[in-house]
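All values derive from a computational prediction rather than experimental measurement. Throughout, a chain's letter reflects where its sequence line sits, starting with A, and its residues are numbered from 1.
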Protein chains: 2
Amino acid sequence: MKSHAGRRAAVAGLEGLCPRRGLPLTVQRRAVLEALAARRDHPTADQLYEDVARRLPGISRATVYRALEVMVRAGVVRKVWYAGAATRFEVPERRHHHLVCVLCDAVVDLHQPALDRLPGPGRAARGFRVLDYSVQFMGVCAQCARSTKTPPRQSSGRQSHEGK
Amino acid sequence: MKSHAGRRAAVAGLEGLCPRRGLPLTVQRRAVLEALAARRDHPTADQLYEDVARRLPGISRATVYRALEVMVRAGVVRKVWYAGAATRFEVPERRHHHLVCVLCDAVVDLHQPALDRLPGPGRAARGFRVLDYSVQFMGVCAQCARSTKTPPRQSSGRQSHEGK
DNA sequence: TCCTAATTGCGATTTTATCTCAAATGCATA
DNA sequence: TATGCATTTGAGATAAAATCGCAATTAGGA
Ligand SMILES: [Zn+2]
Ligand SMILES: [Zn+2]
Ligand SMILES: [Zn+2]
Ligand SMILES: [Zn+2]
């Protein structure tokens, strides 16, 4: 779709950045969003930094990371493989799904029988052999909803109320 | 929760580690798997290292990471927030899902109308406000299925055939 | 028990993400 | 359009997470 969309095009969601006082729309943020919209894949923050730096030489890597963070919170962009700072593991037992808080990265299991027999990707995934699947619900957890202020996301200790 | 579960208990999937010649079952791997099985949450590799080191003083951090890697490949454990080395992003457009290769971490979009109106978590997720969801299919991509040998996972360049 | 392939430990290294704070900028207001 | 203040940026240091290389050790079949 629109291969060269994003040149100066109005990228969807941009207006969501400066709704009320407190989220200025800077050229850097615009550039990061346009760079992301211009790709069809799922780039990493560093790949986006490379892209943006091409048009905005001198931009700081930290700025790209920060721009992505505020945009994730604003709902303009999404983390695909919702990764915290570290990869998490589990022993695959009975099928279950996950609730992920987009503000604090808390992860909670969800058992929902209605989701246990979803149709597979079928012929849409030619060549891809499916081993398992699970549904990820992105949203805001109770604790974060309660604390209207800036969410607890200092440093790397992001599992503030994660069960442990 | 079985506080001392995993003491010497037969952890499910252990035998899957030494099926044919080539995957010795070491005390370290057993310890990592038992440590993981003993937790109800979704620990990070480093948290598991802490747990294991308590019973196996002197174990190397690298060993824990390697043990998790082989077990993921053997299907004994699963990466929860399927994270590669880096977090990926995308602009949330029309609803779609993802095919993730467990061997090379390739990520591909999947459009499947049948999955676009799944029932939400409902009352099972008290307090959690769902913003969006998507289904993750874990499996083996065509390229990896073709190359029966050790998958392409050298260094950080893990998006070998990821579309770009 | 012996032999060989595979794994481990250790430390160095790379990759990814975050922090600090002075200087620059967005933007509401006049 | 000019002014003022709160927010953001840049640069580099730092922290956190993951990986690498290689000699010594170990698992497991013969
Ligand atoms: Zn939360
Ligand atoms: Zn889970
Ligand atoms: Zn693959
Ligand atoms: Zn996608």
Side-chain angles (χ1 to χ4, degrees), chain A residues 14-15 17-33 43-50 52-53 56-74 79-89 105 150-159, chain B residues 14-15 17-33 43-50 52-53 56-74 79-89 105 150-159:
Chain A
L14 256 188
E15 58 288 347
L17 274 180
C18 48
R20 64 206 72 197
R21 183 174 184 64
L23 272 184
L25 172 58
T26 65
V27 292
Q28 290 87 348
R29 286 176 180 168
R30 176 188 293 275
V32 170
L33 184 53
T44 65
D46 239 67
Q47 288 175 318
L48 286 174
Y49 165 73
E50 302 277 346
V52 174
L56 241 54
I59 190 174
S60 171
R61 200 175 304 266
T63 296
V64 175
Y65 279 83
R66 284 183 296 218
L68 287 170
E69 184 181 325
V70 294
M71 291 193 287
V72 164
R73 294 190 179 199
K79 284 191 186 178
V80 177
W81 292 122
Y82 226 96
T87 307
R88 288 139 188 274
F89 299 87
D105 286 347
T150 311
R153 189 187 259 259
Q154 60 283 67
S155 177
S156 67
R158 54 186 63 181
Q159 43 259 67
Chain B
L14 257 187
E15 57 289 349
L17 275 179
C18 48
R20 65 205 73 196
R21 181 175 185 65
L23 273 183
L25 172 59
T26 65
V27 292
Q28 291 88 347
R29 286 175 180 170
R30 175 188 293 274
V32 171
L33 184 53
T44 64
D46 238 68
Q47 288 176 317
L48 286 174
Y49 165 73
E50 302 277 345
V52 174
L56 242 53
I59 189 174
S60 171
R61 201 175 303 266
T63 297
V64 175
Y65 278 84
R66 283 182 297 218
L68 286 169
E69 183 181 325
V70 294
M71 291 193 286
V72 164
R73 294 190 179 201
K79 283 191 187 178
V80 177
W81 293 123
Y82 224 95
T87 307
R88 288 139 187 275
F89 300 86
D105 287 346
T150 310
R153 187 188 262 258
Q154 60 283 70
S155 177
S156 68
R158 54 186 63 183
Q159 43 259 66

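- Using a 4.5 Å heavy-atom threshold, the side chains of B:Ile59 and B:Tyr49 count as touching.
- In this structure, A:Tyr65 reaches the C:dA17 phosphate: one of its side-chain N or O atoms is under 4.0 Å from OP1 or OP2.
- Between the C1' atom of C:dT7 and the CE atom of B:Met71 lies a distance of 13 Å, rounded to the nearest Å.
- One atom, OH of A:Tyr49, and another, C1' of D:dT9, lie 13 Å apart when rounded to the nearest Å.
- One interatomic measurement links the two molecules: CG of A:Asp46 to P of D:dA17, which rounds to 17 Å at whole-angstrom precision.
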Polar-atom pairs under 3.5 Å, protein N or O versus N or O of nucleotides 8-12 of chain C: list them with distances, or write none.
unit_1	atom_1	unit_2	atom_2	d
C:dT8	OP1	B:Thr26	OG1	2.8
C:dT8	O3'	B:Gln28	NE2	3.1
C:dG9	OP1	B:Gln28	NE2	3.2
C:dG9	OP2	B:Ser60	N	3.2
C:dG9	OP2	B:Thr63	OG1	2.6
C:dG9	N7	B:Arg66	NH2	2.9
C:dG9	O6	B:Arg66	NH1	3.3
C:dC10	OP2	B:Gly58	O	2.9

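- By the salt bridge (charged side-chain N to carboxylate O under 4.0 Å, His left out) test, B:Arg61 is found to be paired with B:Asp46, residues two or more places apart in sequence or in another chain being considered.
- When every heavy atom of A:Ala45 is checked against every heavy atom of A:Leu68, the shortest pair comes out as CB-CD1, 3.7 Å.
- When every heavy atom of B:Leu56 is checked against every heavy atom of B:Ala31, the shortest pair comes out as CD2-CB, 3.8 Å.
- Under the 4.5 Å side-chain criterion, counting only non-hydrogen atoms from C-beta, B:Arg29 is in contact with B:Pro24.
- For the pair B:Glu69 CD and D:dA18 P, the interatomic distance rounds to 12 Å; values are reported in whole Å.
- Considering CE of A:Met71 and NZ of A:Lys79, their distance stands at 12.5 Å, rounded to 0.5 Å.
- In this structure, B:Leu48 places its CG atom 15 Å from C1' of D:dA18, rounding to the nearest Å.
- A:Glu50 has its CD atom 11 Å from the P atom of C:dT16, to the nearest Å.
- Computed from C1' positions of five pairs at each end, the angle between the two local axes of the helix from C:dT1-D:dA30 to C:dA30-D:dT1 equals 50°, rounded to 10 degrees.
- Put simply, CZ on A:Arg30 and CG on A:Leu25 are 5.0 Å apart, with the number rounded to the nearest 0.5 Å.
- Between B:Val32 and B:Ala67, the closest heavy-atom pair is CG2-CB, 4.0 Å.
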